[in-house]
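Chain A is the first sequence line, chain B the second, and so forth, proteins listed ahead of strands; every chain is numbered from 1.
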There are 2 protein chains.
Amino acid sequence: MSQEIVKGAIRIADVARHAKVGAGTVSRVLNGSQNVAPETRDRVLATISKLGYVPNLVARGLAANRTGVIAAIIPVIGYSQHSEVIQGMTEVLHEHGATVMIGSSGYSQDMEEKIVAAFLARRPDAFYVTGTWHSQKTRKLLSASSIPVIEGSNLTDDTIDTVVGYSNFAAARELTLMLVLRGYQRIAHVTVKRDLNDRIGDRLTGYRAACNDRENTRPALVIERENSFTGGADAVAWALESSDAIDALFFATDVMAVGGLLECQRRGIEVPNQLAIAGFDDLPIASSVIPTLTTVHVDRVGMGRKIADVLLQRINGEPPPSNRIDVGFQIRERDSTLKPSTR
Amino acid sequence: MSQEIVKGAIRIADVARHAKVGAGTVSRVLNGSQNVAPETRDRVLATISKLGYVPNLVARGLAANRTGVIAAIIPVIGYSQHSEVIQGMTEVLHEHGATVMIGSSGYSQDMEEKIVAAFLARRPDAFYVTGTWHSQKTRKLLSASSIPVIEGSNLTDDTIDTVVGYSNFAAARELTLMLVLRGYQRIAHVTVKRDLNDRIGDRLTGYRAACNDRENTRPALVIERENSFTGGADAVAWALESSDAIDALFFATDVMAVGGLLECQRRGIEVPNQLAIAGFDDLPIASSVIPTLTTVHVDRVGMGRKIADVLLQRINGEPPPSNRIDVGFQIRERDSTLKPSTR
DNA sequence: CTGTTAGCGCATTCAG
DNA sequence: CTGAATGCGCTAACAG
């Protein structure tokens with residue numbers, strides 16, 4: 001029978017005594033040191049399982065100055081694509097005995113700063129923060145911590161340490177140019193009113209860049225709406241009333257785009273014939289709505305796994321391949337932007 | 001200027017020396033002990049902020065035998081209603097200086113068991129696990145840990161310690177009876193094929209109970225599908241081909257229900273006139289789809305906050321009001337089940 | 001290859 | 001009210 005795990009229950013000294021070895025030796029077999037004779041290793045292992053010994057990772061953290069804890073901050077935890085990154089991270093980290101400590105900033109830099117400070121007191125081995133915009137103090141805290149820091153979900157040249165993500169700018173630009181190529185004349189962009197962040201900002205900039213493309217210059221048309229189904233519906237109403245003859249709406253998020261799609265359905269507007277719609281994020285619903293939604297896909301679970309890989313590498317002292325790792329994106333061209341001629 | 005936070009940087013002894021007090025006194029002001037003279041307290045506080053001292057919570061955890069860490073396990077982290085529970089938990093816990101350590105079981109009891117064991121080695125102050133079905137060993141590990149354990153998202157009389165949730169059974173039963181009341185004759189239930197768990201199981205049982213209602217006995221009609229949009233679409237196909245004259249489909253999840261709704265749209269089936277559809281979970285999309293979806297609503301962020309409240313209470317030694325806390329649910333009757341006559 | 005020792009940074013006695 | 005001492009459970013350095 002294995003011993004119960006109780007606070008203050010059985011310690012390394014107990015194992016040492018039962019196995020008739022020193023505490024150091026037990027520690028060595030625990031940490032996989034090579035310098036242990038096979039027979040003593042076996043004996044120690046046997047007593048460990050006999051006594052049901054479980055190492056106290058808090059004590060180990062203090063002694064070894066390595067906690068095996070990774071801190072992660074995302075904007076919101078519920079129903080968000082950012083949670084998928086955490087999913088990927090935890091999958092990989094768990095296999096390596098590491099654990100994720102999670103916090104949500106609610107898109108607030110002040111809150112992010114507070115969480116960073118609070119988390120650092122717990123001595124994580126590494127840090128993941130969403131995005132590339134942070135308060136000056138956050139950057140300073142993170143730099144001064146001397147642990148690996150990964151910023152994710154976007155790319156930047158001005159990273160605190162290492163950035164793992166994809167170019168929101170390039171994706172938005174490419175999607176816009178694709179719409180141009182398909183023959184849409186008047187493409188408006190719906191950006192997010194509140195909770196502005198670098199990802200949304202770069203999507204807007206990417207759209208503008210496409211509008212300024214030298215072979216296809218056209219005025220940019222931008223409106224701000226709430227990042228919700230309702231916000232998307234509002235945008236459609238605006239577009240239909242506009243005097244600009246808008247024939248395509250590029251939403252900064254799928255949530256708004258789906259809201260827009262549903263509003264078209266309510267109003268009997270044919271998509272894409274009367275109005276084309278594109279989004280960003282490739283939510284699960286995007287490929288199921290009618291018509292299916294053109295959007296930008298990113299493998300976020302994969303990104304989380306990649307982040308974990310890089311983090312583990314860094315923790316083990318290996319230098320990362322680069323301090324700017326691009327996981328890429330894919331434009332998913334679906335029915336919501338299919339021109340009749342291209343069908 | 002505040003000192004940088006660096007591993008092994010400034011310790012409590014440094015503060016003590018600068019403030020010309022003993023380490024014990026610094027510790028006392030840090031932990032809000034009453035037995036400190038106001039002037040010495042102020043002096044210590046001043047030096048703390050002057051030196052930018054940040055307590056090492058790992059060391060504190062070892063010494064105090066309290067880590068301020070709460071362990072939480074949910075089935076999946078990405079795009080899941082369970083993440084909302086975590087969101088609520090972190091919000092409350094962060095205000096109290098506690099932190100959440102998160103893991104995902106992938107609906108596997110074996111994986112859950114492994115994570116529980118791994119997490120316990122980190123000496124959390126409390127544990128949250130999703131659902132009420134766990135392996136025998138998981139239950140044993142948790143009981144033996146002698147820390148508060150909350151099981152959530154459902155209710156049971158056979159709880160490890162404390163359960164905070166709502167009755168999936170009652171909700172499913174009530175929703176089914178509501179459909180009966182509305183005059184639907186042949187109500188089939190679509191349950192989940194894989195990833196079976198207590199919540200899904202109880203929804204099925206609730207449906208069956210409604211079918212066996214003594215005033216309204218009727219044969220239960222149950223099929224299993226994948227818990228996905230596609231699975232929902234499959235179920236609609238099945239219902240339409242059935243010889244049972246099914247006039248209402250009650251899906252165990254909104255994901256399947258929305259998939260079913262979209263399939264009806266593709267096939268030109270009018271909802272609810274030709275086929276009524278109901279779901280469970282009240283996903284954000286449920287109130288936006290056309291027609292809007294009848295479903296069961298649960299305030300999951302609120303449930304997470306409640307769980308945190310109870311956990312904090314328990315950690316501080318106060319007994320919980322009950323070991324079975326019902327956060328309730330609400331049937332959201334929407335257009336997808338509105339009978340023409342009731343409009 | 002292995003036992004012993006000295007901390008890791010803090011909370012908490014115990015005197016005073 | 002406060003300083004000094006002890007130890008939480010473990011790792012790592014050091015002898016041997």
For this session: Check for a donor-acceptor pair, side chain of A/Q109 on one end and backbone N or O of A/S135 on the other, with a separation under 3.5 Å.
Result: yes

Strictly under 3.5 Å: I want the nitrogen or oxygen pairs between protein and nucleotides 14-16 of chain D, one per line.
none

Problem set entry | Under 4.0 angstrom between B/T40 side-chain N/O and D/dC1 OP1 or OP2 | no

Problem set entry | Among B/I307, B/I70, B/V92, side-chain contact (heavy atoms from CB on, under 4.5 Å) partner for B/L312 | B/V92

Exercise. Does any N or O in the side chain of B/S80 come within less than 3.5 Å of the main-chain N or O of B/I77, such that one atom is a donor and the other an acceptor?
Worked result: no

Exercise. Atom CG of B/N56 to atom P of D/dC8: distance rounded to whole Å?
Worked result: 18 Å

Seminar exercise, completed: What residues 57-64 of chain A contributes to the DNA chain D interface at heavy-atom separation below 4.0 Å is A/A59, A/R60, A/A63, A/A64

Exercise. What residues, two or more places apart in sequence or in another chain, satisfy side-chain hydrogen bond (donor to acceptor under 3.5 Å, both in side chains) together with A/T156?
Worked result: none

Exercise. Which nucleotide sits closest to the side chain of A/T25: D/dT11, C/dT2, D/dT2?
Worked result: C/dT2

Problem set entry | Interatomic distance where CZ belongs to B/R17 and C1' belongs to D/dT2 [whole Å] | 18 Å

For this session: Nearest whole angstrom, please: distance from the P of C/dC1 to the NZ of A/K20.
Result: 23 Å

For this session: Please report, rounded to the nearest Å, how far the P atom of D/dC8 is from the CZ atom of A/R11.
Result: 7 Å

Exercise. Atom CD of B/E39 to atom C1' of D/dC1: distance rounded to whole Å?
Worked result: 10 Å

For this session: With sequence neighbours excluded, tell me which residues meet salt bridge (Lys or Arg N to Asp or Glu O under 4.0 Å) with A/E113.
Result: none

Exercise. With a non-hydrogen cut-off below 4.0 angstrom, is A/N35 in contact with a base, only sugar-phosphate, or nothing?
Worked result: base

Exercise. What does B/V26 touch in the nucleic acid at a heavy-atom separation under 4.0 angstrom: a base, only the sugar-phosphate, or nothing?
Worked result: nothing

For this session: Determine, for A/R139 against A/D158, whether the closest basic-nitrogen to carboxylate-oxygen distance falls under 4.0 angstrom.
Result: yes

Exercise. How many Å lie between CZ on A/R122 and C1' on C/dC10, as a whole number?
Worked result: 14 Å

For this session: Could you tell me whether B/D125 and B/R314 make a salt bridge, using a distance below 4.0 angstrom between a side-chain N and a carboxylate O?
Result: no

For this session: Could you pull out all residues at least two apart from B/N56 that satisfy side-chain hydrogen bond (donor to acceptor under 3.5 Å, both in side chains)?
Result: none

Problem set entry | Residues B/R300 and B/Y166: side-chain donor-acceptor under 3.5 angstrom | yes

Problem set entry | Derivation and outcome, side-chain hydrogen bond (donor to acceptor under 3.5 Å, both in side chains), residues B/T132 and B/D198 | CA-CA 6 Å; B/T132 58; B/D198 53 288; 3.2 Å; yes

Seminar exercise, completed: Between B/A37 and A/N31, whichever has its closest DNA chain D nucleotide further toward 5' is B/A37

For this session: Please round to 10 degrees the angle between the axis of the first five pairs and the axis of the last five pairs in the helix from C/dC1-D/dG16 to C/dG16-D/dC1.
Result: 40°

For this session: Look at A/R11 together with A/D14 and state whether they make a salt bridge at an N to O cut-off of under 4.0 Å.
Result: yes

For this session: Starting at atom CG of A/L120, determine the distance to atom C1' of C/dG9, rounded to an integer number of angstrom.
Result: 17 Å

